[in-house]
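In what follows, chains carry the letters A, B, and so on, assigned in the order in which the sequence lines appear, proteins first and then strands, with residues in each chain numbered from 1.
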Amino acid sequence: MNLHSMKLVTIVCESVLEERIVEVLGECGAHGHTAFDVRGGGSQGTRSADLVESGNLQIQVIAKPAVAEVILQRLHADFFRDYAMVAYVGEVSVLRPDKF
Amino acid sequence: MNLHSMKLVTIVCESVLEERIVEVLGECGAHGHTAFDVRGGGSQGTRSADLVESGNLQIQVIAKPAVAEVILQRLHADFFRDYAMVAYVGEVSVLRPDKF
Amino acid sequence: MNLHSMKLVTIVCESVLEERIVEVLGECGAHGHTAFDVRGGGSQGTRSADLVESGNLQIQVIAKPAVAEVILQRLHADFFRDYAMVAYVGEVSVLRPDKF
Amino acid sequence: MDLLTAIQANLLSPAVLFFVLGIFAAVSKRDLKFPESLYTTLTIYLLTAIGFKGGVAIHQAGIGAVWLPALCAIALGALIPLWTYPVLRKVGGMSVADAGAIAAHYGSVSAVTFIAATNFLKGVQEPYESYASAFLAVMESPAIIVGVLLGKGVLGGGRFSLSDPGIRHALRDAVLGRGVLLLVGAMGIGALCGKRGMDAVEGFFVTPFQGVLALFLLEMGMVAGRRLGDLRKVGAFLLVFGVVAPLVNGFGGVALGKWVGLSTGGAMLLGVLSASASYIAAPAAVRLSIPEANPTFSLTAALAITFPFNISFGIPLFFEAAKRISH
Amino acid sequence: MDLLTAIQANLLSPAVLFFVLGIFAAVSKRDLKFPESLYTTLTIYLLTAIGFKGGVAIHQAGIGAVWLPALCAIALGALIPLWTYPVLRKVGGMSVADAGAIAAHYGSVSAVTFIAATNFLKGVQEPYESYASAFLAVMESPAIIVGVLLGKGVLGGGRFSLSDPGIRHALRDAVLGRGVLLLVGAMGIGALCGKRGMDAVEGFFVTPFQGVLALFLLEMGMVAGRRLGDLRKVGAFLLVFGVVAPLVNGFGGVALGKWVGLSTGGAMLLGVLSASASYIAAPAAVRLSIPEANPTFSLTAALAITFPFNISFGIPLFFEAAKRISH
Amino acid sequence: MDLLTAIQANLLSPAVLFFVLGIFAAVSKRDLKFPESLYTTLTIYLLTAIGFKGGVAIHQAGIGAVWLPALCAIALGALIPLWTYPVLRKVGGMSVADAGAIAAHYGSVSAVTFIAATNFLKGVQEPYESYASAFLAVMESPAIIVGVLLGKGVLGGGRFSLSDPGIRHALRDAVLGRGVLLLVGAMGIGALCGKRGMDAVEGFFVTPFQGVLALFLLEMGMVAGRRLGDLRKVGAFLLVFGVVAPLVNGFGGVALGKWVGLSTGGAMLLGVLSASASYIAAPAAVRLSIPEANPTFSLTAALAITFPFNISFGIPLFFEAAKRISH
Ligand SMILES: Nc1ncnc2c1ncn2[C@@H]1O[C@H](COP(=O)(O)O)[C@@H](O)[C@H]1O
Ligand SMILES: Nc1ncnc2c1ncn2[C@@H]1O[C@H](COP(=O)(O)O)[C@@H](O)[C@H]1O
Ligand SMILES: Nc1ncnc2c1ncn2[C@@H]1O[C@H](COP(=O)(O)O)[C@@H](O)[C@H]1O
Ligand code: NA
Ligand code: NA
Ligand code: NA
């Protein structure tokens with residue numbers, strides 16, 4: 001089986017940002033994403049999900065290493081300062097590298 | 001602490017496949033799985049979750065490397081062509097290798 | 001871009017434990033967590049989510065390697081024997097190491 | 001009331017207008033963010049309520065009155081794919097898989113279209129056999145089975161095996177899917193409880209019913225509206241098919257209903273059922289058993305063409321037809 | 001109405017039949033896919049509605065009428081674990097943890113069983129003290145505390161420490177869990193608002209109430225049905241216990257109710273509460289504080305044996321008993 | 001009824017008491033675990049119901065009666081940020097971003113406060129222009145736009161560009177957010193359907209309405225209660241502002257309402273709208289367009305101070321004011 005290395009970028013952030021981040025991911029060259037609602041806590045306090053304002057969201061993107069790097073840079077430049085957000089990258093392998 | 005290497009297989013696919021994939025995982029030798037509903041977008045369009053038909057699902061399985069490989073092969077053979085699906089593998093460590 | 005290595009600890013367990021585990025994570029030195037409801041199956045049977053008792057939960061924590069190790073040890077000591085639970089660790093990279 | 005008045009009254013009903021609002025929201029990309037569980041909850045409520053009411057009606061009418069028209073309904077459901085399939089193949093130039101898939105959708109039925117039709121009848125104060133939801137219950141499965149057989153190419157000696165896990169799951173879904181189980185189950189409960197049971201639960205299953213339908217149609221409007229963009233992809237043939245098939249099936253259903261002795265309202269409901277296309281049971285079963293069929297074709301036709309057509313124009317049309325044939 | 005008629009009428013009520021439908025769906029592995037949030041929402045509605053109605057009743061009856069029977073209810077809840085624990089240990093051969101866990105479940109109460117019993121009384125037009133939901137509110141916690149103490153082995157000098165985080169969380173849950181808070185809170189609100197408040201919210205808390213219960217029992221049927229497979233695992237003793245314990249507790253509760261001056265309906269409700277086993281508050285608290293107890297035992301007994309027994313046969317039986325004692 | 005009686009009656013209404021229960025649950029850290037989808041579902045229901053009823057009222061009153069007071073309402077919404085911004089800057093010493101953000105919240109409106117006010121009027125049997133929900137619909141957006149402009153520093157020549165994606169998303173949300181779409185959409189439907197449509201859906205949109213509001217306020221109480229802890233963080237100025245601003249805006253709104261010819265009930269509703277602060281539309285739009293503003297300030301003021309103040313004391317106060325001015 002022929003596995004190919006990819007990056008998995010995970011973003012946890014305020015729900016209000018969903019549309020904007022999906023837009024940014026497309027601009028950075030990602031070909032897809034997966035999102036779901038989460039709850040959590042961090043430096044900016046506990047986030048439940050009863051008001052959209054205080055809702056929390058996890059977005060996962062599989063992307064080529066170069067794209068993943070661009071994504072992180074954009075997140076850093078556009079969102080890290082002002083919003084409750086965590087982002088991290090991991091290594092994964094996929095069968096169909098052309099999909100990402 | 002004695003950590004053991006395992007594979008984490010993640011599958012994102014159409015909700016309609018949940019039962020079938022859980023069946024396949026068992027056939028491949030996995031001993032458990034975790035699933036939850038997600039939304040997302042990829043090569044086959046945006047998937048929200050308002051109709052089961054267009055629903056989206058994430059399934060995660062921890063398995064021995066050999067089992068993980070069999071799982072990927074089965075997914076490739078049985079589903080990749082016809083269904084909206086993404087699958088990837090990552091490395092993780094666990095304390096109780098006999099559980100998986 | 002300056003990426004820093006961190007550990008991602010993932011715990012899948014009975015919903016009833018949510019508050020206690022968040023407490024434990026804080027005691028171990030973690031600075032945040034993300035949680036969401038899942039369904040699944042493992043050695044202790046199928047867990048749906050219709051009663052809290054049989055509900056299932058996934059918790060993710062990004063933490064320094066030393067903290068991650070402490071977390072696993074605490075989970076092992078306090079929960080592994082009596083509760084339906086799976087825990088695993090993976091490698092991730094982050095931009096702001098001081099957050100974790 | 002003549003046809004134009006009926007159409008106008010129907011178009012100005014809360015149900016249809018909420019549907020239009022949903023389409024508008026989807027088209028103008030204003031996601032109303034209806035929670036997924038709300039959609040499921042409303043479905044469960046509508047199926048249970050309509051089933052329960054039908055069961056109470058069976059209790060009152062006796063099973064003797066129900067079996068013959070129910071048999072006709074089953075036959076209708078199984079036959080519709082048999083004429084739509086060759087048309088889709090020959091006139092539409094569709095592949096075996098796609099033609100079978102679409103045939104399954106159009107033979108099967110849409111519960112919400114049926115419910116909208118009963119509300120229409122209530123609005124114009126036209127009586128109907130309230131056990132008609134039994135037809136809804138029995139028409140869901142046969143067409144799916146016939147359509148899947150066609151789509152797997154049994155006509156051309158194609159491969160069809162019960163050991164194929166997709167087909168196994170699909171048939172189980174088709175024969176006793178959750179929709180059928182809820183509907184038939186609630187119907188059985190209604191038939192056992194009768195009037196006394198209805199008195200107890202009327203405040204939940206009857207009082208808010210029409211309003212719940214309106215809210216549900218708001219959601220359906222969003223679902224349909226999101227599919228509008230796919231209209232370009234399905235081609236002119238399917239656009240025409242999505243209007244002509246319900247007309248043919250609907251008038252056929254009305255005629256059969258009259259022939260088997262149903263009232264004007266009852267015949268109209270049988271027509272609406274024939275005209276309606278499934279967008280819940282059929283899509284799931286077809287996706288599992290004919291994965292090579294393109295779901296965009298069947299779903300766009302069923303949801304973005306036939307469903308809106310039926311609830312806006314089809315319902316008053318079939319009502320008018322049922323009145324005409326009776327005179 | 002004699003006992004057989006009462007049992008038959010109860011078995012043919014929408015509530016019980018929907019429960020049976022739920023069991024059927026679970027046993028035939030047809031997941032009806034009720035969203036998780038629907039379960040929670042229905043629970044919130046039922047607890048709030050029953051609490052509010054009870055509060056309005058307290059407003060009308062005066063607290064003076066309530067305190068004595070409520071005290072009896074508390075005593076009942078605390079005493080039931082004390083007799084069930086030794087039986088489970090000696091006759092059933094259960095471990096300390098399992099016996100304490102099961103005792104906690106059977107001393108505590110099931111709100112839905114109570115609500116089904118009030119609906120039964122409404123159906124047979126038997127009056128009852130509508131402030132009886134106060135008994136429901138006060139019986140949930142004491143038994144859990146006693147059961148947990150027993151299960152941690154305090155009788156045998158076992159370790160029990162308030163610094164154990166599991167016990168800390170569990171006691172907090174037991175004393176002021178969400179069920180109790182909703183129930184007691186809504187009751188307080190009803191007591192403050194009285195009739196005028198009821199007039200405002202009747203269309204929500206009363207009109208659809210019985211139907212909502214039917215829908216909830218459909219869901220409970222699925223939950224119970226999924227546990228049926230575990231019946232083999234729990235052994236013959238627990239099967240018998242799951243029927244005998246509610247009978248003993250139920251008749252005891254009826255007798256105590258009569259003794260303290262409750263009406264036939266009220267005594268029957270106290271009996272039903274004693275007979276019922278908790279499947280929400282107790283499981284969570286016990287899981288946190290006695291993790292070494294096997295939840296399969298207590299939950300299967302409570303959900304798959306005692307709950308169905310009570311809502312089908314127990315309710316008419318305790319009603320009959322309450323009528324007999326009164327004459 | 002004098003002011004004290006009105007306040008007391010309001011405080012003892014189910015709606016306000018359920019709100020207090022929610023606060024208690026949050027403060028005592030007893031999470032009632034209301035599912036997220038329940039919150040959204042209740043919001044959808046309340047907005048649709050109030051919109052639909054308003055639309056039916058417009059159908060009956062004619063658009064001619066509505067446009068002038070609606071225009072006043074728009075003006076009110078746009079003007080409120082213009083006086084609150086300088087006060088927040090100069091007296092409160094807030095940053096440009098924070099002052100603009102808070103001004104946007106206080107100019108915009110809270111639908112639930114409005115609904116609670118209509119329920120109050122129903123309780124005291126005071127008639128009002130039921131098309132008043134039109135004011136609710138038109139007041140949501142203008143204030144947000146003005147507030148965002150202020151918060152981006154346009155007064156001080158600050159940077160404000162429509163190509164900023166945050167501002168783009170925010171303005172789209174503000175002009176046609178989901179709240180406005182549901183409200184205006186349902187209102188249009190009501191206006192088209194009139195009485196006949198209302199007859200069909202009354203059992204859903206009217207019968208349970210007040211009870212649903214009570215349940216929703218239970219949830220709002222939890223949301224507000226969780227913010228109480230932030231009161232320490234916002235400083236004394238904002239505490240005072242959170243009570244004084246609604247008083248000033250409320251009395252202003254009542255006076256304007258009277259001046260433009262509204263009835264006592266209608267003027268009171270316009271006052272309540274002016275007094276209320278948005279906690280749904282404004283927060284989302286402001287978060288996207290003025291990310292540098294601290295949401296703790298605006299949300300704590302709106303949710304933990306102004307909202308509770310309005311539904312407990314504000315509503316009877318503005319009612320009293322409306323009565324006084326009329327004499
Ligand atoms: N150490 C962490 N591990 C996992 N998730 C985290 C962590 N820190 C923060 N988060 C998530 O990221 C969200 C925003 O974090 P923050 O900006 O730190 O408030 C939180 O609500 C959590 O869901
Ligand atoms: N690059 C990606 N990163 C993360 N998730 C993806 C990606 N591509 C697709 N997905 C998910 O997989 C589902 C099916 O993908 P597809 O078959 O490409 O339509 C999508 O709905 C997404 O939820
Ligand atoms: N091999 C596995 N892969 C992924 N998730 C698992 C696995 N085994 C167990 N789980 C999850 O962990 C929960 C508890 O597992 P267990 O203690 O084995 O019953 C299950 O309900 C699953 O959600
Ligand atoms: Na059909
Ligand atoms: Na009990
Ligand atoms: Na305002």
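- Using a 4.5 Å cut-off between heavy atoms, E:Tyr45 does not touch chain F at all.
- At a threshold of 4.5 Å between non-hydrogen side-chain atoms, the residues F:Leu12 and E:Arg196 count as touching.
- By the 4.5 Å heavy-atom criterion applied to side chains, F:Leu38 and E:Thr40 are not counted as neighbours.
- Residues of residues 20-30 of chain F that come within less than 4.5 angstrom of chain E, heavy atom to heavy atom, are F:Leu21, F:Phe24, F:Ala25, F:Lys29, F:Arg30 in numerical order.
- Heavy atoms of E:Ile44 lying under 4.5 Å from chain F belong exclusively to its side chain.
- With sequence neighbours excluded, the residues satisfying salt bridge (Lys or Arg N to Asp or Glu O under 4.0 Å) with E:Arg168 are C:Glu23.
- Note that the SG atom of E:Cys193 and the CG atom of F:Leu17 stand 5.0 Å from one another [nearest 0.5 Å].
- Contacts of F:Ser13 with chain E are made by backbone atoms alone, with heavy-atom separations under 4.5 Å and no side-chain atom involved.
- Both the backbone and the side chain of E:Ala186 come within contact range of chain F, judged by heavy atoms closer than 4.5 Å.
- By number of non-hydrogen pairs under 4.5 angstrom with chain F, the leading residue of E:Ile189, E:Thr48, E:Thr207 is E:Ile189.
- Contacts of F:Leu218 with chain E are made by side-chain atoms alone, with heavy-atom separations under 4.5 Å and no backbone atom involved.
- Remark: E:Leu182 CG to F:Leu32 CG distance equals 5.0 Å, nearest 0.5 Å.
- Of all heavy-atom pairs between F:Pro208 and E:Phe204, the closest is O-CB, 3.5 Å.
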